[in-house]
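Every heavy atom of this structure was used, including side-chain atoms; hydrogens, water molecules and symmetry mates were not. Quick caveat, the model's predicted, so the values are computed rather than measured.
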Amino acid sequence: MSKLYFKFGAMNSSKTANALMTKFNYEEKGWKVWLIKPSIDTRDNQIDENGNVVSVVRSRIGLSAITDVIEKNDNIYERIKSNDNGYNVIICDECQFLTENQVDELKRITIDYNIPVLCFGLRSDFQTKLFPGSKRLFEIADSITEIKSICKCGTKAIVNARFDASGQVVVDGNQIEIGGNEKYESMCWKCWQKLIAERKK
């Protein structure tokens, strides 16, 4: 029976690169991959020659691929039901932005259609709180793997620290604020707490 996989890590741990390499490996073996990501992640979207928005998954090392978008109210199970495209595997990037229901739908797909589903994303937000999608994946995924990265100090990074325009660490605000290296830095708990303490001085 196929499984639901959750591969998580802090920001800049090469999650997207891993997702795209996994896609390549499946396709090299003749599998047809449905690459998806939640619509809230618009960072790498492009405009084609006809003025249409093209959704793209892009890694920091330069790998990229066009992807299908999952809207907040989409039922992924219903979208794959007919499977007119003959997909053999589903890969989801930025899976932390999925709803809990959508994670449940992915689980049902592995059982009812025997299609493996591989989800790549963050565990927690800038306050170290679980995202809804990640929380549900921890609860029902068949396989959970950490993609590790390091803090500047050399310790394992577990925090996705958010910074404002002046470079100060942010400790409150909306859970979701799309951004990259200009807004976030992965770091260890100790370094994160040190920045928070300095901010309060």
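Note: T155 OG1 to I150 CD1 = 8.5 Å, rounded to the nearest 0.5 Å. Atom-to-atom distance recorded for W31:CH2 and K23:NZ is 15.0 Å, nearest 0.5 angstrom. Interatomic distance, CD1 of I76 versus CD1 of I70, reported as 4.5 Å (0.5 Å rounding). The NZ atom of K190 sits 10.5 Å away from the SG atom of C151 when rounded to the nearest 0.5 Å. Residue F6 holds its CZ atom at 10.0 Å from SG of C92, rounded to the nearest 0.5 Å.
Under the 4.0 Å criterion applied to side-chain N and carboxylate O atoms, D142 and K107 are assigned as salt-bridge partners. With respect to the salt-bridge test (charged N to carboxylate O, under 4.0 angstrom), the residues E105 and R108 do not qualify.
In this structure, F120 has no ring pair (Phe, Tyr, Trp, His ring centres under 6.0 Å) partners at least two apart in sequence or on a different chain. Contacts of K156 classified as salt bridge (charged side-chain N to carboxylate O under 4.0 Å, His left out), with partners at least two apart in sequence or in another chain: E146. Partners of N114 under the side chain to side chain donor-acceptor pair (under 3.5 Å) rule, at least two apart in sequence or in another chain, are S2. Legend: residues meeting side chain to side chain donor-acceptor pair (under 3.5 Å) with S14, ordered by chain and number and at least two apart, are absent.
Side chains of D164 and S166: a donor on one and an acceptor on the other come within 3.5 Å. Judged by distance alone, the side chains of Q102 and E100 never bring a donor and an acceptor atom under 3.5 Å apart.
The nearest pair of heavy atoms linking K81 to Y113 is CG-OH, 3.2 Å. When all heavy atoms of D93 and A19 are compared, the closest pair comes out as OD1-CB, 4.4 Å. Summarising the geometry of F126 relative to V171, their closest heavy-atom pair is CE1-C, 3.8 Å, with the distance given to 0.1 Å. For the pair P116 and V89, the tightest heavy-atom approach, listed with the atom from each and the gap, is O-CG2, 3.4 Å. The two residues S124 and I158 come nearest to each other via the heavy atoms OG-O, 4.2 Å. The heavy-atom pair separating M11 from N160 by the smallest distance is N-OD1, 2.7 Å.
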Query raised in the report: Run the side chain to side chain contact (heavy atoms under 4.5 Å, CB included) check on I91 and V57 step by step: do they pass?
Result: CA-CA 11 Å; I91 296 177; V57 167; over 6 Å; no

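Within a 6.0 Å radius of CZ in F24, no more than 12 heavy atoms belonging to other residues, nucleotides or ligands are found. Around CD1 of I111, the count of heavy atoms belonging to other residues, nucleotides or ligands within 6.0 Å exceeds 12.
Every pair tested for salt bridge (Lys or Arg N to Asp or Glu O under 4.0 Å) that includes a residue from residues 114-124 fails, sequence neighbours excluded, so the list is empty. Within the structure, salt bridge (Lys or Arg N to Asp or Glu O under 4.0 Å) pairs that include any residue of residues 62-75 comprise D74-R79 (at least two apart or interchain).
A donor-acceptor pair is defined here as one N or O able to donate and one able to accept, closer than 3.5 Å; no such pair exists between the side chain of Q96 and the backbone of G121.
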